[in-house]
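One-based numbering, in listed order, for ligands and for the atoms of each. Worth saying up front: this structure is predicted, and the values here are computed from it rather than measured.
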Amino acid sequence: MRLISQEIWADVLGYVRKNISEVEYHTWFAPVKNLGVQEGSLVLGVRNSFAQEWFRKHYLELLEDALRSLGAQNPQVSFQVLPAAQDALLLPSDPPPPPPTPAGRAVPASAPVENRKVLNPKYTFENFVVGPNNNLAHAAALAVAESPGKAYNPLFIYGDVGLGKTHLMHAVGHYMTERFPGKRIEYVSTESFTNDLINAIREDRMTQFRNRYRSVDLLLVDDIQFLAGKERTQEEFFHTFNALYENHKQIILSSDRPPKDIQTLEGRLRSRFEWGLITDIQSPEYETRVAILKMNAEHNRIDIPQEVLELIARQVTTNIRELEGALMRVVAFSSLNNVPFSRAVAAKALSNVFTPQEVKVEMMDVLKQVAAHYNMPPDVIRGSGRVREVVLPRQVAQYLIRELTDHSLPEIGQFFGRDHSTVMHAINKVTEQVGREPEITAAVETLRRKMQGLEDDENEA
Ligand SMILES: Nc1ncnc2c1ncn2[C@@H]1O[C@H](COP(=O)(O)OP(=O)(O)OP(=O)(O)O)[C@@H](O)[C@H]1O
């Protein structure tokens with residue numbers, strides 16, 4: 001759980017930093033030691049009793065507000081004076097989080113030069129969940145990692161925000177570092193490349209700049225779409241590209257769109273970007289989202305029930321960064337309110353961020369829930385049985401699928417191996433019975449709430 005409290009603390013510091021001056025922040029908050037969440041209370045270690053008093057007087061409310069923003073219903077913060085030796089040992093305390101960057105990336109665009117080489121340790125191939133949305137990009141990245149400069153050069157990966165482009169690029173970097181230890185790797189965002197170029201020109205350091213980017217074995221450039229409209233940077237990048245390419249050095253580029261859609265990109269660069277392989281990453285489907293959450297939970301040693309992960313995966317559908325954020329929110333909520341994980345707790349934790357209408361339900365989920373409710377295998381419900389015990393759950397499932405998903409009658413029919421008129425009949429039948437037959441009414445109501453993650457259960461926070 002240590003990792004969870006670090007996440008919480010990082011979020012709290014982020015909140016605090018936005019609300020006080022930098023000087024105040026560095027004076028008071030930078031030396032604080034996060035001692036974890038104990039029974040719902042965030043425990044902070046401070047240097048001496050004067051600091052403890054100061055915090056109680058001046059920052060308690062701010063800290064409580066920060067915890068409230070993370071979902072704590074009755075936020076609690078306590079302070080402990082650290083023993084002098086521990087204080088000395090612990091300082092500087094947990095590094096404060098970097099100021100938020102627009103894309104929330106691991107290596108801020110304005111990071112000092114030496115930071116740029118840092119590859120995020122989490123972004124490895126082992127930690128990358130492969131699904132139908134990203135399997136081509138994954139296979140291409142792996143091929144490039146195995147034969148850099150030979151398989152596809154450049155490798156151009158494009159896709160929407162937060163779908164794993166940077167993760168895959170870093171994975172190639174990690175792989176190469178392990179496999180070919182002496183190789184030089186440079187990871188840079190297009191923004192950093194541009195800033196670096198501007199500084200090099202201003203400070204008359206062009207030779208140094210060129211050496212640096214032209215002497216690497218693997219160049220990873222993120223968000224290459226930002227080259228658009230920057231003529232001088234395009235010019236310089238063109239020469240960097242050529243130098244590396246001619247020496248069979250690997251280049252990997254990421255972008256939010258394919259080269260042909262990057263406006264005001266010089267033709268000669270565009271055509272070079274198209275020399276190798278262009279591959280895209282799409283939004284993950286439900287199963288992949290659940291797998292990503294599962295891997296994240298395991299990675300952070302969080303023991304969280306599958307059904308809670310499923311609820312989160314249904315709510316956040318397009319961006320993996322947000323998906324991970326939602327998981328952390330649920331974890332923070334349950335730890336700060338000292339309640340065990342449950343679907344109701346998760347729904348509550350996410351209710352401020354995602355409106356219930358956004359809940360996405362899949363046909364298979366409905367079938368599974370109905371099957372569990374009637375204590376019957378899903379395949380039997382989808383099968384050909386005609387006895388009432390099977391027909392009723394089948395009709396209820398079809399009714400709920402129609403209500404909770406966007407699927408058409410023919411699609412639902414196909415899912416059940418029946419034609420659309422049979423589905424229509426089933427839906428009409430249940431519609432007539434709801435409100436009249438208590439048993440069916442209750443079943444539909446319970447299942448509907450469950451599917452929307454709104455059911456009240458005994459764990460409710
Ligand atoms: N297939 C995956 N398996 C596991 N984690 C993933 C996967 N894809 C993305 N992630 C995680 O999602 C988060 C966002 O990924 P990443 O930063 O690579 O996205 P991006 O496409 O580069 O976004 P941007 O366009 O903002 O640069 C990261 O924490 C990453 O580890």
Side-chain angles (χ1 to χ4, degrees), residues 3-4 6-7 10-11 97-98 100-111 115-116 118-142 144-145 155-175 187-194 220-228 252-259 261-262 278-300 302 309 312-313 315-329 331:
L3 278 164
I4 300 165
Q6 275 171 355
E7 291 273 349
D11 280 351
T101 56
R105 42 183 70 272
V107 181
S110 58
N115 275 0
R116 286 206 209 109
V118 175
L119 297 173
N120 186 325
K122 184 197 147 208
Y123 292 179
T124 61
F125 279 121
E126 293 84 65
N127 290 340
F128 191 82
V129 176
V130 183
N133 62 314
N134 60 24
N135 59 355
L136 291 179
H138 172 260
L142 205 52
V144 160
L155 173 62
F156 191 104
I157 306 172
Y158 74 91
D160 280 340
V161 172
L163 293 183
K165 303 182 293 293
T166 307
H167 188 136
L168 264 188
M169 286 179 139
H170 283 215
V172 175
H174 283 300
Y175 192 96
Y187 165 77
V188 74
S189 69
T190 300
E191 224 180 319
S192 287
F193 184 86
T194 308
L220 309 168
V221 187
D222 228 337
D223 292 323
I224 200 78
Q225 75 274 6
F226 291 133
L227 274 186
I252 308 183
L253 307 170
S254 91
S255 166
D256 67 352
R257 63 200 82 170
D261 293 343
I262 305 177
I278 301 175
T279 178
D280 68 332
I281 302 187
Q282 299 285 334
S283 293
E285 46 297 292
Y286 173 72
E287 284 77 12
T288 310
R289 297 201 298 278
V290 175
I292 290 173
L293 287 172
K294 207 165 182 172
M295 198 209 61
N296 252 281
E298 276 164 19
H299 187 85
N300 291 317
I302 304 164
L309 298 180
I312 301 170
Q315 297 229 8
V316 187
T317 56
T318 52
N319 180 327
I320 300 176
R321 194 175 293 119
E322 280 180 12
L323 188 68
E324 294 177 340
L327 172 65
M328 279 309 147
R329 215 182 149 79
V331 172

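- Nearest to atom 30 (C) of ligand 1 by heavy-atom distance, out of His167, His170, Met169, is His167.
- Taking only nitrogen or oxygen atoms, main chain and side chain alike, Ile320 does not reach within less than 3.5 Å of ligand 1.
- Phe128 and His167 have perpendicular rings, their planes meeting at more than 60° on a 0 to 90° scale where under 30° would count as parallel.
- Set against the non-hydrogen atoms of Tyr123, the atoms of ligand 1 under 4.0 Å away are 17 (O), 28 (C), 29 (O), 30 (C), 31 (O).
- Without hydrogens or angle criteria, Asn319 side chain to Arg321 main chain gives a donor-acceptor distance under 3.5 Å.
- Distances between N or O atoms of Lys122 and those of ligand 1 include at least one value under 3.5 Å.
- For ligand 1, none of its N or O atoms has an N or O atom of Asp222 under 3.5 Å away.
- A side-chain contact (heavy atoms from CB on, under 4.5 Å) with Ile157 is found for exactly one of Ile281, Leu253, Ile278, namely Ile281.
- For the pair Arg289 (side chain) and Val316 (backbone), a donor-acceptor distance under 3.5 Å is present.
- The closest side-chain donor-acceptor pair between Asp222 and Tyr187 falls under 3.5 angstrom.
- The Asn134 neighbourhood of ligand 1 comprises atoms 1 (N), with distances under 4.0 Å to a heavy atom of that residue.
- In summary, of the residues considered (His170, His174, His138), a ring-ring contact (aromatic ring centres under 6.0 Å, His included) with Phe125 occurs for His138 alone.
- Among pairs with a residue in residues 159-169, none fulfils salt bridge (Lys or Arg N to Asp or Glu O under 4.0 Å), at least two apart in sequence or across chains.
- Not a single heavy atom of Gly159 sits less than 4.0 Å from an atom of ligand 1.
- Each of the following atoms of ligand 1 lies closer than 4.0 Å to a heavy atom of Leu163: 8 (N), 9 (C), 19 (O), 20 (P), 21 (O).
- Using a 4.0 Å cut-off between charged side-chain N and carboxylate O, Lys122 and Glu324 make a salt bridge.
- Every atom of ligand 1 with a heavy atom of Val161 under 4.0 Å away is listed here by number and element: 23 (O), 25 (O), 26 (O).
- At under 3.5 Å, not a single nitrogen or oxygen of Phe128, backbone or side chain, sits near a nitrogen or oxygen of ligand 1.
- For a threshold of 3.5 Å applied to N or O pairs, the pair formed by Gly164 and ligand 1 contains at least one separation below that value.
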